[in-house]
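The analysis underlying the following values was restricted to heavy atoms, covering all of them including side chains, and did not include hydrogens, waters or symmetry mates. Numbered from 1 within each chain, the chains take letters A, B, ... in sequence-line order.
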Number of protein chains: 6
Amino acid sequence: MLSAPFVSKNWICATENFDDANWVMVGIPYDGTCSYRPGTRFGPELIRLASWGLESYSPVLDKDFQYVNFFDAGELDLPFGNRDKTLDIIKNTAKEVYAANKKWFGIGGEHLVTLPAMQACFEKYKDIAVLHFDAHADLRDDYMGEKLSHATVIRRVSDFVGMENIIQVGIRSGPKSEFDLIKKYNTLAKGINDFSKKLEKIKNRPVYLTIDLDVLDPSIFSGTGTPEPGGLSFADLLNYLKEMTGLNIVGIDVVELSPHYDLSGVSAVVAAKLIRELLLLFN
Amino acid sequence: MLSAPFVSKNWICATENFDDANWVMVGIPYDGTCSYRPGTRFGPELIRLASWGLESYSPVLDKDFQYVNFFDAGELDLPFGNRDKTLDIIKNTAKEVYAANKKWFGIGGEHLVTLPAMQACFEKYKDIAVLHFDAHADLRDDYMGEKLSHATVIRRVSDFVGMENIIQVGIRSGPKSEFDLIKKYNTLAKGINDFSKKLEKIKNRPVYLTIDLDVLDPSIFSGTGTPEPGGLSFADLLNYLKEMTGLNIVGIDVVELSPHYDLSGVSAVVAAKLIRELLLLFN
Amino acid sequence: MLSAPFVSKNWICATENFDDANWVMVGIPYDGTCSYRPGTRFGPELIRLASWGLESYSPVLDKDFQYVNFFDAGELDLPFGNRDKTLDIIKNTAKEVYAANKKWFGIGGEHLVTLPAMQACFEKYKDIAVLHFDAHADLRDDYMGEKLSHATVIRRVSDFVGMENIIQVGIRSGPKSEFDLIKKYNTLAKGINDFSKKLEKIKNRPVYLTIDLDVLDPSIFSGTGTPEPGGLSFADLLNYLKEMTGLNIVGIDVVELSPHYDLSGVSAVVAAKLIRELLLLFN
Amino acid sequence: MLSAPFVSKNWICATENFDDANWVMVGIPYDGTCSYRPGTRFGPELIRLASWGLESYSPVLDKDFQYVNFFDAGELDLPFGNRDKTLDIIKNTAKEVYAANKKWFGIGGEHLVTLPAMQACFEKYKDIAVLHFDAHADLRDDYMGEKLSHATVIRRVSDFVGMENIIQVGIRSGPKSEFDLIKKYNTLAKGINDFSKKLEKIKNRPVYLTIDLDVLDPSIFSGTGTPEPGGLSFADLLNYLKEMTGLNIVGIDVVELSPHYDLSGVSAVVAAKLIRELLLLFN
Amino acid sequence: MLSAPFVSKNWICATENFDDANWVMVGIPYDGTCSYRPGTRFGPELIRLASWGLESYSPVLDKDFQYVNFFDAGELDLPFGNRDKTLDIIKNTAKEVYAANKKWFGIGGEHLVTLPAMQACFEKYKDIAVLHFDAHADLRDDYMGEKLSHATVIRRVSDFVGMENIIQVGIRSGPKSEFDLIKKYNTLAKGINDFSKKLEKIKNRPVYLTIDLDVLDPSIFSGTGTPEPGGLSFADLLNYLKEMTGLNIVGIDVVELSPHYDLSGVSAVVAAKLIRELLLLFN
Amino acid sequence: MLSAPFVSKNWICATENFDDANWVMVGIPYDGTCSYRPGTRFGPELIRLASWGLESYSPVLDKDFQYVNFFDAGELDLPFGNRDKTLDIIKNTAKEVYAANKKWFGIGGEHLVTLPAMQACFEKYKDIAVLHFDAHADLRDDYMGEKLSHATVIRRVSDFVGMENIIQVGIRSGPKSEFDLIKKYNTLAKGINDFSKKLEKIKNRPVYLTIDLDVLDPSIFSGTGTPEPGGLSFADLLNYLKEMTGLNIVGIDVVELSPHYDLSGVSAVVAAKLIRELLLLFN
């Protein structure tokens, strides 16, 4: 064939071989329940392209991405108009990942894509705890009459995981009913010290980490349909991550980049760099 | 209250009183089945804002918009995640318009919103003919397994109107199966003379006109998720419209402006000016 | 008429009835004296649209916007080329608001629109104090020979209110002569503690609050023709507001969003959320 | 000083020496009466920058720009808030140009800047005829009560030049009253043949040419606050220009580029290339 | 591994197997000699993404893309700062394609990438003719002292192919010296009839077709650093292509999409659709 | 000639006379080795335009820009495709500046432009120390095989200045080998106190200050091809500058603004304001 080097069509530093990988990265280009400004379906593609501007080495963690074993499966080919079938495909794919004794790394797409992945994860790890970074609680019981929505996803997760097994960071927007639930179950970390304390009780358990990128302040992450000023800086977010060192993370997703609102491309770079740090930290 | 003049929140020149109106304009901010680049839900709002840059007089038609009796009902409040309920709301609203002996002017949103409006129209006018301007035939029987989609809408319309009662303009993209149907039923106008000839056979019947704005060339209409180079210029489109003078148009919709791809705002102005010309022509 | 729910064309949660309202919100789409990058005339419209992405509940204040009684009068229809007539219309409208025993909430437009509103306010409240958030002092006596300009507005206000009754926050740009005035009258708060101390002396008086949105850092508020790096974060601004709890605020305006420089729409959301917090705090 | 070549800060191919020049190019960054979407004050600067992407040779005219003697005076420093003083400065500058036996080449800015230049021109050439390319007639007697506005400029010109000495091209938007005037005086060219015929009667007279760039279709010129679909292509416009070969053009202006709506920069290039062709044609 | 369908990372309808292919598509992300507005290095990637919005069927040609045998090799990994090494890599890759008895389909990148591909092609086909679509002649002997540049590429090609074997379409910008060459060798088609006549003399020879996308008018193709108004419409370009039916095309490239100036994404779609038509026509 | 005031085509407050100036500002529009997202060649021009929105007075420094004696030479006219010749031109120009006993103020362009300027500076000041603000260490020995690149520039500088004479601020991205060098020579300031301590040892020496603008966080500076979240705020950067009061700065450059990614124009304003503060501080 051709002898010249070609640019990989995968994530930078991804492993070519599925069997070698500890983590399987799956793009999930779905935004079918988005209520306000859609477009997250283009997120996985743009983040993958942005990965090619990253250095492989992280000076913060003093580790090199070249030694992380992750496989980039690409993006699922989903029937956009059919929410239930889409959720089935995601769930089945996540089950295959867990059946192969690997860890799931989903890249959204809207936040609802977390639900089927966590269902698959829960089938394997019954005592799972959930770490949830987000500007929004996503704890509504229904949204405009729908039980399955980006705005209800953590509530649906709580149906099988239990509210007492969820720790939240950065929540700053939602109806009063959600904040009543947050108070009742004391899910929300009040700063990094409280976060650290809350982590104590889950340190011996498998943990699923879900990050809605709008947990970041829109100054550093404009690429969202639902900007909420008053969020974390990138440095804040890294500090939270470093607190999690040593946790047994068995699944991760990073969701809700909406490229329409990321005209400078900074948000895609932020997402890509965050994902590199996550894989370095939990490899 | 306040005595100063305030800017109307309605379309320019809209009638304040529903009862006085011949036409009822309804914004339909729905894009739930969009397969490629969503965002048409913001179309009706942006077109209404653009209407305030229009002159009321049309030198092409030598008529003034101030003398058109149309009521701007605003935008429907729709449950985005629920396609079937959305279609019901549109259909019921269109039925109310026809029950009040008025004409329907829908502003999309994606093209699927034409289906319920035309169903309501068909319940009143059984011998209806359909004029369809579009870059795409929208004649698939299903799209990714779905029967109800922006890509199947004219096929669904043909189920009750009949392929032989459809005239198409500007179609230039689609799978072979759609073009086979087009040839079989000879629906597509081969230029303006053929269009004029095709109009002959429907001139004594009620007609529903549906315009997907991507029938225009992307040079003048970039505001679409599915640009198809090789389309009509604005002057071409006006010439087609002028051929329709005297037809008994009983329903119109103008759909598929996607503001994400209209960074200069020209597409919204094009849509607004087209709507003014349509209302002037068929008042 | 039509039975389906339609999207309101007013601000989210606005009261339908003028008489019920404590606050009257008036959009003032004027930018006629803008010296550098015009476009604030589109501010009120874009902020109103952004209000529809807000939650009604504020977790920071633990209050719900649904219980605020404010009336959205819409945008004044102004003669753009005629500054003096424009100022008259604004002043008369504000006088009507105060005559009805309601409070004025202006949304600019450029900062000059504050002057006529504050003149009307002063006619009712002779002992008024002024809180002024801005990157620029706006204390020039004239600007390119003009006495009435966005760059002279607080100086003109001081003509009847008195420099000693003005407290400023965030000022960080201007000619030396303005900073000499600031020092002479000690108007500028040196951090939040100094702000708190300065508030002591006005706590029993009626207060007019005017916020030029460029007081925020351009990282979180790019939507301005005059970005001044080194400003407040959104969290900083909320902290200043919370210090003001219990003040007798009788008039507010929020000015200078320039949508041309807000391509991601974050600035409009920032403005809308700020306005929600202000109305919750001072209802 | 410094021996390296530096990029000129003037228009490409401009003459360094005022005295040598036949034409004097003056940028007029004024948009104070703009009613809809302001921003044309940045036009002259952006067009000058775009000039540096031009070739000096025109294959259409087979002439080279290096042999045109024009002086680029730069942009006037204008008091934005003061319309009357602005008009005085422009008029005086134009008078100085004509007093020096040179020709005026104005670059707007909004269309009102044509008025003082043409007044100065008229003081020298009493039998002047006017060629006016525009989407809008600009023949209102007043606009929102103002006699001096971008929307009244040709009417004001007609006050001293006479309607019968005006030839118009491309007009396609305005109130009925303006089109009544157009018909009464038969000012509007009905295609290029009619234009050619109309030129016959002015071929022995001094002519002032004013081009509002929105005469072009927004497909090729999106950089305008008032896009009017249905306009000229660039090739159409060149054809009109070529008809004018041999006319005694004594003043030109090119106005109304609004860079906010020219995100790709194509409109600025179109304006710059048009200006090169004009100077080549009428040198 | 994983059983769900994934989105291909290749061009739509590309053959998975190199050996089966007639054509080999190679992305060449190089823009190192670009003089004015760089960015074409991102062209191949953006065009590949846009390919996924295409239908596989072309109604103009009545052929289906699924039956074209082309292999998408992806993008070459090039040393940006080193022009000569970059050219070597391209040339060697093209030689391998020709050695495998396949045809080269390059996607630029800047126009200089045509040179090494055509050198490789010429080594195999000594009697090659060249069809060159472009706004610019690219016939300079040097550009700012450089012999190898995007502005000299066709001159360099003529060094071994001979000026008399080059046919040009759409050239409308350049210095006089280039147009003198064009006239001397009569390379430029004066409209489609002249093109057809010129094709007569090369109909029995191998032909290399190179298309600089700026041959299109910037109204339909804004995505270029060097917009030249007055170009071809998309329909014009298709008409030229259809004239070429039956030619023995042995190499093609499509170059100079600059995504920075394609904010709506229309230019990328135009490029992708053109490439589909080319592969359908010359499969 | 013309008596009206014209807008200067130079930087705001620049001295007209070369001989009077202490500083000579030279724009260097070169981006030929940029590996990822080019476009910095337009930086100097855009920063100069942004300078016209600045106040002349700095309240932070309590100094006025009108009293700074700097000459704006404009932008070098460079052969883009020829790196070595470009570097020669820059070096010779800087030598002329130093020969005239003035100080060099370069505005990039990519970071490689620092090398020839610092070579010229070193020829005059043999004991020079270097202050380097950047997100990237730029300490690679080669980049994709090239010794002279934006990614190797500080390494090349260290070849003659010595690693021990370099102090770095803000570095947060690069391969491990670069961070090994940083540790070995302890070049990187660990916060402002460490910076202050490091400055002690160079306070009696001539110092060259080079600022890659991406040292700022992308929240306040999106205008870069290589955004690195986690950087300095503008206030942070000013604090570092103030620590440098009293240093003997003999050369400065500010590089890497890439206007393609600065859609709101905030980054250009940030760069312009930083340059004003630098000239005020080191005049």
Side-chain angles (χ1 to χ4, degrees), chain C residues 34-39 134-140 143-145 151 168 170-183 187-188 190-191 214 216-234 236 257-268 270, chain F residues 5 7 12-13 46-47 49-67 213 215-223 227 229-242 257 260-277 280:
Chain C
C34 177
S35 53
Y36 189 44
R37 306 197 295 187
D134 204 329
H136 309 86
D138 293 357
L139 288 170
R140 281 164 163 95
Y143 186 66
M144 296 200 276
Q168 293 183 304
I171 314 298
R172 59 191 183 277
S173 181
K176 186 167 192 308
S177 58
E178 292 192 89
F179 282 89
D180 288 344
L181 263 186
I182 285 171
K183 281 172 200 153
T187 56
L188 183 59
K190 292 156 205 70
D214 69 14
L216 290 163
D217 193 68
S219 57
I220 187 60
F221 191 84
S222 67
T224 170
T226 51
E228 283 293 338
L232 303 186
S233 72
F234 191 77
D236 292 337
L257 170 69
S258 187
H260 288 319
Y261 306 102
D262 178 31
L263 288 150
S264 65
V266 167
S267 300
V270 164
Chain F
V7 178
I12 195 168
C13 296
L46 273 287
I47 295 172
L49 295 180
S51 80
W52 285 92
L54 295 176
E55 295 285 344
S56 68
Y57 174 73
S58 165
V60 170
L61 302 174
D62 191 19
K63 291 185 183 179
D64 200 304
F65 204 37
Q66 295 174 24
Y67 307 115
L213 288 157
V215 73
L216 289 163
D217 193 67
S219 57
I220 187 61
F221 191 83
S222 67
L232 303 185
S233 72
F234 191 78
D236 292 337
L237 181 53
L238 286 189
N239 285 334
Y240 275 96
L241 294 187
K242 282 186 283 189
L257 170 69
H260 289 319
Y261 306 102
D262 178 31
L263 287 152
S264 66
V266 167
S267 300
V269 171
V270 164
K273 189 169 176 179
L274 172 63
I275 290 168
R276 184 194 70 185
E277 300 299 274
L280 285 170

Q: Give the minimum heavy-atom separation between C/Ser173 and F/Glu55, together with the two atoms involved.
A: OG-CG, 3.2 Å
(Q) Measuring only between side-chain heavy atoms, which start at C-beta, is C/Lys176 closer than 4.5 Å to F/Asp62? (A) yes
Q: Kindly indicate whether the side chain of F/Ser264, heavy atoms from C-beta on, has any atom under 4.5 Å from the side chain of C/Asp262.
A: no
Q | Result of checking F/Val266, F/Ile220, F/Leu263 against C/Ser222 for side-chain contact (heavy atoms from CB on, under 4.5 Å) | A | F/Val266
(Q) What part of C/Thr226 gets within 4.5 angstrom of chain F, counting heavy atoms only: side chain, backbone, both, or neither? (A) neither
(Q) For the CZ atom of F/Phe234 and the OG atom of C/Ser219, what is their distance to the nearest 0.5 Å? (A) 11.5 Å
